[in-house]
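Report on the structure given below.
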Amino acid sequence: MTRKGLKVVTIGGGSSYTPELIEGFIKRHADLPVKELWLVDVPAGERKLQIVGDLAKRMVTEAGVDLDIRLTVDRREALADADFVTTQFRVGQLAARAKDERIPLKYDVIGQETNGPGGLFKGLRTIPVILDIIRDMEELCPDAWLINFTNPAGMVTEAVYRHSNWRKVVGLCNVPIGMQMGVAKQLDVDPSRVHIDFAGLNHMVFGRHVYLDGKDVTKEVIDALTSDKESGITMKNIVDLGWEPSFLKALGMLPCPYHRYYYQTSTMLAEEQTAAAEKGTRAEVVKKLEGELFELYQQPELKEKPEQLEKRGGAYYSEAACRLIDSIYNDRRDIQPVNTMNLGAIDGIPYESAVEVNCVITKEGPKPIVVGELPVAVQGLIQQIKSFERVAAEAAVTGSYETAVLAMTINPLVPSDKVAKQLVDDLLEAHKEYLPQFFGEGVGVE
Ligand code: G6P
């Protein structure tokens, strides 16, 4: 990093989450001197980009921080000489997410943004765009770090490892930090006193051990989780239906909120179907929330991140992003859970696959901390999801219909090959506009 002050580029900068990120950079400015922050979006998102960009400028001015906010729909202009590139975009915007959530429900299959059929199709739409961004980065900012927030973050990180030569990539998610905050709230202590040993995959991560001031309190946390409804740990986008005590006690680890889709499939499905009929799927609810947020963002007197943003599932996301960038830039060598290449840390997962695991964060990037074998009860599911992610990534780059059907069929949330095929047909048709690789246009396979 040569210049005095960093250049950060955020792709999907018109997202309603951007004020989170701005707040994070403002808070850390003394240690992380971001000089230029380029918010990039596609022409379809230009209005949102303008609104959120204007709010970002007011926030920076109010805080008295020397940070130049630049807005553009020209990604290549923004990427030139960047130090960090963060990605937080959604191909097809919320309307596409709503289809991912609604269509599977017709087949009595979980409809979710990052899991099951929805996760597969979000990956198919997103991976070619990420690989395209990487091609631009190779040319315009070959030394930059790519910090990917775009879902499905695990599958996307896997695709970068398998289908490009780019290695300076970290996949990031707010689930681990959300779990840490949830435990701190349950124990009624400051989050800095809680440490969790995380291992698994994105949206499939387990807290193997939970510590309070160095003391192992895993058992106490699990006991509280199963005995006290108020102690439930979840995110705003996932309903908490409580856990079966005998299951969690035998598991002996902290599941992540997304594990509900795998261990409580029928109850989660019933809940999704009721919600879809009564108030709308999560994307439909979020669309309304977003409308309210953008109304607020337009008010010239608003000069800080509004509280309403906390109704979103992505809470603490800026904390996770900014502390990661800060630790890479300042070579802090602290421990953070991120998605990175396994390098042998978790037994049974390929060496070069992406895993979500605690790492020491250095200026050379994350160094995964050895985990060894995960308990036998969860090994199979994790390997199955990893197989799914790999096959899905292959489908995304090749545009092969059969490979997409294969990925859909091996997903544990999909009941049969016939239903898988129907889901692929239905979702391909629904997302045609964003899946050119399946309709005769290649996306440049490595
Ligand atoms: C969680 C997940 C994110 C996801 C978000 C959705 O925080 O970790 O990956 O993007 O929820 O939240 P939303 O408010 O959009 O439903």
Side-chain angles (χ1 to χ4, degrees), residues 10-12 14-21 48 52 86-102 110-116 118-119 121-123 125-126 130 147-157 170-182 198 200-207 233-240 255-261 268 271-272 275-276 279-294 305-321 324 336-339 354 356 385 389:
T10 297
I11 299 181
S15 158
S16 54
Y17 279 118
T18 294
E20 282 265 359
L21 201 60
K48 282 168 69 181
V52 115
T86 73
T87 44
Q88 51 173 37
F89 59 87
R90 176 176 276 130
V91 178
Q93 308 202 23
L94 278 172
R97 174 175 170 190
K99 290 178 187 170
D100 285 341
E101 293 170 346
R102 250 189 203 276
I110 292 285
Q112 214 279 324
E113 182 188 15
T114 60
N115 289 268
F121 269 76
K122 190 165 187 352
R125 298 192 299 276
T126 305
I130 287 280
I147 312 289
N148 176 63
F149 247 109
T150 301
N151 272 324
M155 193 195 290
V156 167
T157 313
V170 188
L172 201 53
C173 181
N174 66 331
V175 161
I177 195 171
M179 289 167 70
Q180 182 190 355
M181 297 294 184
F198 288 104
L201 307 180
N202 180 237
H203 286 186
M204 169 96 355
V205 74
F206 290 93
I233 295 174
T234 193
M235 349 263 307
K236 289 282 185 320
N237 57 319
I238 305 177
V239 63
D240 178 15
C256 82
Y258 286 87
H259 280 117
R260 292 182 174 87
Y261 294 108
M268 289 302 276
E271 199 282 332
E272 281 192 341
K279 58 175 186 200
T281 69
R282 178 68 189 166
E284 290 156 6
V285 170
V286 162
K287 201 156 178 13
K288 284 188 207 127
L289 272 176
E290 266 214 10
E292 288 165 29
L293 282 173
F294 275 91
K305 181 187 90 177
E307 251 175 45
Q308 284 87 332
L309 197 47
E310 276 155 29
K311 288 193 197 156
R312 298 293 303 277
Y316 313 119
Y317 119 95
S318 82
E319 181 57 23
L324 173 65
Q336 298 181 26
V338 295
N339 288 268
E356 190 164 283
I385 293 296
E389 288 179 352

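Whatever order the structure lists ligands and atoms in, that order sets their numbers, starting from 1.
Looking at Asn151, Asn202, Ile177, Leu172 and measuring to atom 10 (O) of ligand 1, the nearest heavy atom belongs to Asn151. Nearest to atom 11 (O) of ligand 1 by heavy atom, out of Thr281, Asn237, Val286, is Asn237.
Taking the side chain as every heavy atom from C-beta outward, Phe198 and Val175 never approach each other to under 4.5 Å. Two residues are said to be in side-chain contact when any heavy atoms from C-beta on lie closer than 4.5 Å; Lys305 and Glu20 meet this criterion. Asn237 places a side-chain heavy atom less than 4.5 Å from the side chain of Tyr258.
Residue contacts with ligand 1, taken as heavy atom pairs separated by less than 4.0 Å, do not involve Lys311 at all. The proximity of Cys173 to ligand 1, defined as any non-hydrogen pair under 4.0 Å, is limited to the side chain. Only the side chain of Met235 comes within 4.0 Å of ligand 1, judged by heavy-atom distances. Using a 4.0 Å cut-off between heavy atoms, Lys287 makes no contact with ligand 1 at all.
Once rounded to the nearest 0.5 Å, the distance linking OG of Ser15 with CG of Leu293 reads 9.5 Å. We find the NZ-NZ distance between Lys279 and Lys288 to be 9.5 Å, quoted to the nearest 0.5 Å. Rounded to the nearest 0.5 Å, atoms CG (Leu309) and CD (Glu292) are 12.0 Å apart. Between Met155 atom CE and Thr126 atom OG1 the span is 9.0 Å, to the nearest 0.5 Å.
Among protein heavy atoms, the minimum distance from atom 2 (C) of ligand 1 is reached at Tyr258 OH, 3.1 Å. Given atom 7 (O) of ligand 1, the protein heavy atom at minimum distance is Gly313 O, 2.3 Å. Atom 8 (O) of ligand 1 has Asn174 OD1, 2.6 Å as its closest protein atom, hydrogens excluded (heavy atom only).
At least one heavy atom of Tyr17 sits less than 4.0 Å from an atom of ligand 1. Using a 4.0 Å heavy-atom cutoff, His203 is listed among the residues neighbouring ligand 1.
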CA sep, side-chain torsions, deciding dist, call: Arg260, Glu271, salt bridge (charged side-chain N to carboxylate O under 4.0 Å, His left out): CA-CA 12 Å; Arg260 292 182 174 87; Glu271 199 282 332; over 6 Å; no
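For ligand 1, the atoms lying closer than 4.0 Å to a non-hydrogen atom of Arg97 are 13 (P), 15 (O), 16 (O). For ligand 1 and Arg282, the ligand atoms under 4.0 Å from any heavy atom of the residue are 13 (P), 14 (O), 16 (O). For ligand 1, the atoms sitting less than 4.0 Å from at least one non-hydrogen atom of Arg312 are 13 (P), 14 (O), 15 (O), numbered in the order shown with element in parentheses. Ligand 1 places these atoms under 4.0 Å from at least one heavy atom of Val175: 8 (O). Contact atoms of ligand 1 toward Gly314: 7 (O), 12 (O) (distance under 4.0 Å to a heavy atom of the residue).
A salt bridge does not link Asp100 to Arg90: none of the charged nitrogens lies less than 4.0 Å from a carboxylate oxygen.
For ligand 1, none of its N or O atoms has an N or O atom of Thr114 under 3.5 Å away. Taking any N or O of Arg90, backbone or side chain, none lies under 3.5 Å from an N or O belonging to ligand 1.
Under the 30°/60° scheme for interplanar angles, the aromatic rings of Phe149 and Tyr317 are found to stand perpendicular.
There is no side-chain donor-acceptor pair under 3.5 Å between Thr157 and Glu356.
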